[in-house]
Amino acid sequence: MPELPEVETTRRGIAPHVQDHNIEAVRVRQPRLRWPVPPDLADLLVDRRVQSVARRGKYLLIGFEHGTVLVHLGMSGSLRLVPEALPPARHDHLDLVLDSGLALRLTDPRRFGAVLWQPLGAVHELLASLGPEPLSDTFDAACLQRACKGRRSSIKQVIMDSKVVVGVGNIYANEALFAAGIHPKRAAGRISPQRLARLVDEIKGVLARAIEQGGTTLRDFVGGDGKPGYFSQELAVYGRAGDACVRCRETLREIRLGQRSTVFCPKCQT
DNA sequence: CTAAGGACCTGTCGGC
DNA sequence: TGCCGACAGGTCCTTA
């Protein structure tokens, strides 16, 4: 998926076209996403006005007066604004038709994404136990130190755990660990507080820079306005196994951690 | 509680 | 050219 920067880029792209607009129709072509699309979604949304477009972790939150639509893009999802009458392609599963003649269209080949409804006053279970936002002040050195204390699993798996901090996916976990000089496999509980503090800074830095550049384009990702991101040009390790380390020219190595591809510099990361 | 592995689904790529 | 396995941005759920 889209990692957090991609989701934020999407949010910024779609917000001006969606906020303060009325939903005229909801067209669900494929309700079988990761969880079924609520069958009554049209009843809930038609003739209602979008009040806000926010984000929590990798969830997009489309706010109405009586509740919130949660959209997760899974591994391969994207949202775009299209002319309402544009014929849907194979994996275009859902449209929110707006009063402007545009439709917010969800495309998701792998269908790991989700569209859910959260009534006003309720907190959806999926959001209930999420950790802090990585770019907020709540996510600081003390916070990561607490999360790592006593944990034997690798630091990479800990920072990718959404209960610890949200929005750090595989690409940015690799990049942040490289930037911080920490070996991805190192046991989280055996890293000094100073190095964890550094890691917090690097996570924030990598994510902030990626958002500035509109995310990382891999394969089919496009932001809400259809423009690709450019952060892929800045990736130091992800997708570069076998290449030379940008810092010391050592050959970058690839291993598997939790079934995810993990690339690091054996010399710079310890 | 933690940790590890499977599950969901489709598309693409490399190797034979 | 065609087929087959491995792998891809996520993360919940089950099992140990």
Side-chain angles (χ1 to χ4, degrees), chain A residues 1-11 29-37 55-60 70-79 89-94 106-116 124-131 134 146-176 184-190 203 206-207 210-211 213-224 228-232 234-235 237-242 254-263:
Chain A
M1 131 167 155
E3 296 205 27
L4 184 143
E6 284 73 15
V7 178
E8 178 60 21
T9 299
T10 299
R11 189 192 69 75
R29 298 180 202 85
Q30 169 58 279
R32 300 177 56 186
L33 304 183
R34 172 143 198 199
W35 293 281
V37 175
R55 180 185 59 71
R56 175 76 176 98
K58 295 174 187 170
Y59 291 90
L60 281 164
L70 313 184
V71 179
H72 197 291
L73 298 176
M75 200 91 126
S76 58
S78 60
L79 280 173
R90 182 155 154 65
H91 299 296
D92 293 346
H93 305 315
L94 181 145
L106 173 70
T107 306
D108 185 5
R110 291 179 73 178
R111 287 195 273 134
F112 287 176
V115 175
L116 300 163
H124 199 285
E125 274 194 11
L126 292 169
L127 302 184
S129 54
L130 291 182
R146 234 179 295 127
C148 288
K149 195 168 184 181
R151 286 187 69 166
R152 294 185 190 185
S153 49
S154 70
I155 184 62
K156 179 164 180 255
Q157 298 196 271
V158 170
I159 60 173
M160 290 180 70
D161 179 347
S162 64
K163 290 190 283 302
V164 173
V165 57
V166 295
V168 182
N170 197 37
I171 295 178
Y172 300 111
N174 278 299
E175 294 299 317
K185 216 171 158 181
R186 176 165 289 275
R190 297 189 187 167
I203 289 171
V206 153
L207 291 176
I211 289 171
Q213 314 239 352
T216 302
T217 299
L218 294 171
R219 295 170 198 212
D220 51 2
F221 176 76
V222 284
Y230 291 95
F231 192 73
S232 53
E234 283 194 23
L235 296 178
V237 287
Y238 184 83
R240 296 195 63 239
E254 176 162 12
I255 57 174
R256 307 232 118 226
L257 262 184
Q259 295 135 246
R260 310 304 297 277
S261 132
T262 303
V263 187

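Just the heavy atoms: all of them, side chains too, but no hydrogens, waters or symmetry mates, feed the values below. All values reported here derive from a predicted model rather than from experimental measurement. Chain identifiers are assigned alphabetically (A, B, ...) following the order of the sequence lines, protein sequences preceding nucleic acid strands; residue numbering begins at 1 within each chain.
At whole-Å resolution of the value, CG in A:L257 and P in C:dG9 are 13 Å apart. Following rounding to the nearest Å, A:Q259 (CD) and B:dG6 (P) show an atom-to-atom distance of 6 Å. Across the protein-nucleic acid pair, A:R111 atom CZ and C:dG9 atom C1' stand 18 Å apart, rounded to whole Å. Residue A:R146 contributes atom CZ, which lies 17 Å from atom P of B:dC1 at whole-angstrom precision. If you take CD of A:Q30 and P of B:dC9, they are 10 Å apart, rounded to a whole angstrom. A straight line from NE2 of A:H72 to P of C:dT11 spans 4 Å, rounded to a whole angstrom. For the pair A:Q157 CD and B:dA3 C1', the interatomic distance rounds to 8 Å; values are reported in whole Å. Between the CE atom of A:M75 and the P atom of B:dG6 there is a distance of 16 Å, rounded to whole Å.
None of A:L79, A:L94, A:L73, A:D92 except one satisfies the side chain to side chain contact (heavy atoms under 4.5 Å, CB included) rule with A:T107; the exception is A:D92. Partner of A:L70 under the side chain to side chain contact (heavy atoms under 4.5 Å, CB included) criterion, out of A:L60, A:L126, A:L127, A:V115: A:L127 alone.
Within 6.0 Å of atom CZ in A:R32, 12 or fewer heavy atoms from other residues, nucleotides or ligands are found, so the atom counts as exposed in its surroundings.
Nearest-nucleotide positions on DNA chain B for A:R152 and A:H91 put A:R152 closer to the 5' end.
The salt bridge (Lys or Arg N to Asp or Glu O under 4.0 Å) pairs that include a residue from residues 158-174 of chain A are A:R151-A:D161, A:D161-A:K163, where partners are two or more places apart or lie in different chains. Evaluation of the salt bridge (Lys or Arg N to Asp or Glu O under 4.0 Å) test over residues 106-116 of chain A, restricted to residues two or more places apart or in two chains, returns none.
With centroids closer than 5.5 Å and planes inclined by less than 30 degrees as the test, A:F112 and the base of C:dT11 fail to qualify as a stacked pair.
Distance from the side chain of A:R90 is smallest for B:dG11 among the nucleotides C:dA8, B:dG11, C:dG9. The listed nucleotides are C:dC7, C:dT11, B:dA4; the one nearest the side chain of A:K58 is C:dT11. You'll find that the side chain of A:I171 is closest to C:dG9, out of B:dG11, C:dG9, C:dA8.
Looking at heavy-atom distances under 4.0 Å, A:R151 makes contact with sugar-phosphate atoms alone, never a base.
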Which nucleotides of DNA chain B pair, in dot-bracket form (Watson-Crick or G-U under 3.5 Å, | meaning another strand): .|||||||.|||||||
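Remark: A:R29 engages A:D95 in a salt bridge (Lys or Arg N to Asp or Glu O under 4.0 Å) (not counting sequence neighbours). With sequence neighbours excluded, the residues forming a salt bridge (Lys or Arg N to Asp or Glu O under 4.0 Å) with A:R56 are A:E133, listed by chain and number.
Between the side chain of A:R55 and the backbone N or O of A:G57 there is at least one donor-acceptor pair closer than 3.5 Å. No donor-acceptor pair under 3.5 Å is formed between the side chain of A:N174 and the backbone N or O of A:V237.
OP1 and OP2 of C:dC7 both lie 4.0 Å or more from every side-chain N or O belonging to A:R260.
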Quick test: give all pairs of protein nitrogen or oxygen and nucleotides 12-16 of chain C nitrogen or oxygen below 3.5 Å, distance rounded to 0.1 Å.
residue: C:dC12; atom: O4'; partner: A:R34; partner atom: NH2; Å: 2.6

